[in-house]
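Working notes, structure below.
Order of the sequence lines fixes the chain letters, A, B, ..., with proteins taken first and strands second; residue numbering starts at 1 for each chain.
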Protein chains: 2
Amino acid sequence: MPPASARPRPTLVDVASAAGVSKSLVSLALRGDAGVSERTRERILVVAERVGYRPSLTARTLKQGRSMMLGAVISSLDNPYHTEIVASVEAAAEDSGLSVLLAHGSRDRGRLADRVQQLLDLGADGLVVVSSWVPEEVLVAAARRAPVVMVGRTAEPVSGIDSVNNDDEHGAALVVEHLVARGHRRIAHVTSSTRPAGIARRRGYEAAMRAAGLDDEVRVVAPDPVALGALLDDGTSAVFARNDVEAVDVLDHALDAGLRVPDELAVVGYDDTVLARRARPALTTVQQQRDVMGSRAVALLRERLDGRAEDVHEVLEPRLVVRSSS
Amino acid sequence: MPPASARPRPTLVDVASAAGVSKSLVSLALRGDAGVSERTRERILVVAERVGYRPSLTARTLKQGRSMMLGAVISSLDNPYHTEIVASVEAAAEDSGLSVLLAHGSRDRGRLADRVQQLLDLGADGLVVVSSWVPEEVLVAAARRAPVVMVGRTAEPVSGIDSVNNDDEHGAALVVEHLVARGHRRIAHVTSSTRPAGIARRRGYEAAMRAAGLDDEVRVVAPDPVALGALLDDGTSAVFARNDVEAVDVLDHALDAGLRVPDELAVVGYDDTVLARRARPALTTVQQQRDVMGSRAVALLRERLDGRAEDVHEVLEPRLVVRSSS
DNA sequence: CTGAAAGCGCTTACAG
DNA sequence: CTGAAAGCGCTTACAG
């Protein structure tokens with residue numbers, strides 16, 4: 001006896017012959033077409049249920065030329081910022097009757113490029129890219145096959161590709177203004193990033209420091225133990241880290257050094273991931289409008305599918321979330 | 001002008017006519033069939049490349065009756081234990097020339113069931129389920145369509161479904177033995193779980209305590225502040241938490257209470273996720289053989305696809321990883 | 001070494 | 001209200 005899994009799945013034809021009708025009628029009935037009598041539809045539904053019929057998405061996709069699936073690409077699974085954005089993309093897609101295929105690249109550019117191709121080969125109708133690591137030529141090639149939208153300041157604008165970002169410069173300014181209002185002057189920026197978002201946040205930090213008349217206090221360091229040690233010895237009273245992950249590093253370092261947070265050192269992050277809520281003390285951070293980002297990304301894709309040709313770049317305003325670390 | 005994305009993708013026929021041959025020949029050439037002359041293949045490859053041809057996986061899947069894709073289902077994206085297993089499944093699948101479609105259920109049983117269906121509807125050749133939340137009837141129904149393997153003690157054995165687990169009882173015993181060897185007697189177990197793995201770990205804890213003659217010290221509490229507070233007041237010198245997440249909760253609680261870890265309280269987790277390595281102090285924990293779990297899961301699926309009918313349940317031995325928290 | 005033909009499981013005009 | 005037919009883009013015997 002062949003294994004259960006080898007049993008061929010029932011098709012439309014099976015349902016049709018079991019119900020004594022043509023397969024077209026079954027198709028129409030299953031999809032709720034108006035031209036099928038209520039009694040016939042009922043009968044067909046019952047038979048389909050009985051034989052365990054499930055439509056083949058593969059066949060449907062081939063026939064229709066569209067899959068009703070969106071692909072989502074993230075750099076890696078272990079970045080909560082990215083997975084939380086994916087959740088919002090999924091929610092928005094579901095509202096539009098679309099499903100989402102998730103792919104990740106384990107932080108590897110080549111793998112990321114492969115995943116983009118694979119999603120497209122699979123028939124994804126559009127792509128949400130939440131990673132600044134996908135090579136630009138891959139994005140350009142992808143956009144020739146299906147609409148692509150970049151989410152979260154993932155790279156400089158690429159012609160033909162929409163984007164939805166948060167205003168990193170403004171977010172950084174919110175942090176500096178908050179710390180200045182709390183009386184801090186020696187405010188350092190911790191960053192290891194050479195990615196677009198990191199660069200923008202750094203730029204925002206520097207501009208805000210200048211705007212506050214603190215040109216001389218501008219200090220940018222990497223999140224390594226030596227640099228952090230020097231920083232703490234230096235009289236720095238507040239640290240703005242480029243994201244929550246690095247803010248937690250600073251937090252750990254400060255606590256190890258015996259500093260009390262926020263009394264002796266204020267620490268602020270960016271992204272408002274679960275890390276910020278879980279940190280001890282809970283982290284002041286900058287919140288991006290993640291839900292809006294997901295729904296705008298899906299909306300932009302749908303507009304492209306409906307024929308829009310001009311590029312659209314949306315920028316959302318971030319919001320400061322004050323917790324116990326500052 | 002229609003948007004770039006509306007441009008129809010080139011098909012085999014396009015390549016064939018551009019190369020002046022039949023589409024069968026193009027198919028054979030692209031797949032490296034031996035019966036195609038080297039010169040012809042070369043020429044066809046060049047043309048395919050030039051017109052930007054990419055084979056439609058949808059069409060291929062429909063024709064072949066198999067997709068060369070495996071589906072992986074996890075409860076949620078924010079559990080590092082699950083995502084790390086997925087990574088090992090992906091690596092193993094890649095070695096077998098298979099790709100992996102990832103789906104998650106946001107901890108929702110209904111959603112999880114939907115995702116299982118969707119992966120199957122999409123044509124997944126087999127399913128790796130890394131979640132104990134998928135309803136059994138859904139698993140049974142899925143197994144009629146394609147082979148399913150459960151990874152990580154996700155539920156009691158289901159007939160027709162293979163599994164690969166780690167020996168949770170033994171892992172728990174390793175922890176107790178380690179703590180006893182360190183001189184601890186009052187060793188409590190912290191758990192909130194009613195899932196199979198949690199239950200097995202608790203059972204292992206209790207058995208090991210008895211084996212060590214510590215019947216009277218057996219104490220099982222939930223990871224909430226009140227219970228933990230009572231525990232610490234109680235003279236408990238060591239805590240074995242059912243997983244790393246809850247161990248970190250204990251760690252935070254102990255540090256908040258001013259206890260030094262491990263001197264005044266030893267803490268041990270389970271799973272050896274990234275949380276354990278990142279914790280302060282770094283967490284002693286139990287490591288499952290994740291890489292082996294992934295490759296065994298894929299191997300079991302392939303055996304089923306090749307016709308194996310009997311169920312196989314594999315149990316792997318865990319290993320204690322001693323760090324600074326004990 | 002190469003081509004014509006059938007068919008995977010659907011959907012969708014087109015007839016009746 | 002229902003059925004016969006064509007076709008989505010592939011792969012695979014079957015001829016030659």
Side-chain angles (χ1 to χ4, degrees), chain A residues 6-45 47-48 51-69 118 120-125 145-146, chain B residues 6-45 47-48 51-69 118 120-125 145-146:
Chain A
R7 189 187 310 176
R9 52 190 288 185
T11 71
L12 269 189
V13 177
D14 298 317
V15 179
S17 70
V21 297
S22 78
K23 64 176 174 145
S24 343
L25 187 52
V26 176
S27 177
L28 264 356
L30 258 28
R31 331 197 65 239
D33 188 283
V36 181
S37 73
E38 193 49 46
R39 284 197 47 232
T40 311
R41 143 126 35 59
E42 285 279 280
R43 191 161 54 87
I44 291 177
L45 285 182
V47 173
V51 304
Y53 174 73
R54 294 239 96 210
S56 159
L57 257 35
T58 304
R60 180 177 292 171
T61 295
L62 182 60
K63 177 63 193 172
Q64 313 239 67
R66 63 197 154 72
S67 63
M68 303 300 275
M69 301 184 311
Q118 196 195 1
L120 259 13
D121 293 346
L122 236 40
D125 292 334
R145 299 224 264 153
Chain B
R7 187 188 312 178
R9 52 190 290 186
T11 71
L12 269 189
V13 176
D14 298 317
V15 179
S17 71
V21 296
S22 76
K23 65 178 173 144
S24 345
L25 187 52
V26 175
S27 176
L28 266 357
L30 257 27
R31 334 197 62 239
D33 187 282
V36 180
S37 75
E38 192 49 45
R39 285 198 46 232
T40 310
R41 145 132 26 66
E42 285 279 280
R43 193 161 53 87
I44 291 177
L45 285 182
V47 174
V51 304
Y53 174 73
R54 293 239 95 209
S56 159
L57 257 35
T58 304
R60 180 176 292 171
T61 295
L62 183 61
K63 177 63 193 169
Q64 313 240 66
R66 63 198 154 71
S67 63
M68 302 302 276
M69 302 185 309
Q118 195 194 4
L120 258 12
D121 292 346
L122 235 40
D125 293 334
R145 298 224 265 152

Sub-3.5 Å donor-acceptor pair from the side chain of [X] to the main-chain atoms of [Y], do we have one?
X: B:Arg9; Y: A:Arg145; result: no
X: A:Ser67; Y: A:Gly123; result: yes
X: A:Arg66; Y: A:Asp125; result: no

If you only use heavy atoms from C-beta on, which nucleotide in [options] is closest to the side chain of [X]?
X: B:Lys23; options: C:dC10, C:dT12, D:dC10; answer: D:dC10
X: B:Ser27; options: D:dT12, C:dT11, C:dT2; answer: D:dT12
X: B:Ser22; options: C:dT12, C:dA4, C:dA6; answer: C:dA4
X: A:Leu62; options: D:dC10, C:dT12, C:dG9; answer: C:dG9

Does [X] reach a base, just sugar-phosphate, or nothing at all? Heavy atoms under 4.0 Å.
X: B:Val21; answer: sugar-phosphate
X: A:Arg54; answer: sugar-phosphate
X: B:Thr40; answer: sugar-phosphate

Looking at [N], I'd like to know if its phosphate oxygens (OP1 or OP2) sit under 4.0 Å from a side-chain N or O belonging to [X].
X: A:Ser24; N: C:dT12; result: no
X: A:Arg60; N: C:dG9; result: no
X: B:Arg66; N: C:dC8; result: no
X: B:Thr58; N: D:dC8; result: no

Problem set entry | Nearest-nucleotide 5' precedence on DNA chain C, B:Lys63 against A:Tyr53 | B:Lys63
Problem set entry | Earlier contact from the 5' end, DNA chain C, for B:Val36 and A:Thr11 | B:Val36
For this session: Once you apply the 3.5 Å cut-off to both distances, tell me the Watson-Crick or G-U wobble partner of C:dA4, or none.
Result: none
Problem set entry | Watson-Crick or G-U wobble partner of C:dA13, both distances under 3.5 Å | none
Problem set entry | Euclidean distance, atom CD of residue A:Gln64 to atom P of C:dC8 [Å, nearest integer] |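 Distance check: A:Gln64 CD to C:dC8 P gives 20 Å.
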Exercise. Is there a side-chain contact between B:Tyr53 and B:Val47 (heavy atoms, below 4.5 Å)?
Worked result: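 B:Tyr53 does not reach B:Val47 side chain to side chain.
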Problem set entry | Any side-chain heavy-atom pair of B:Thr40 and B:Arg43 under 4.5 Å | yes
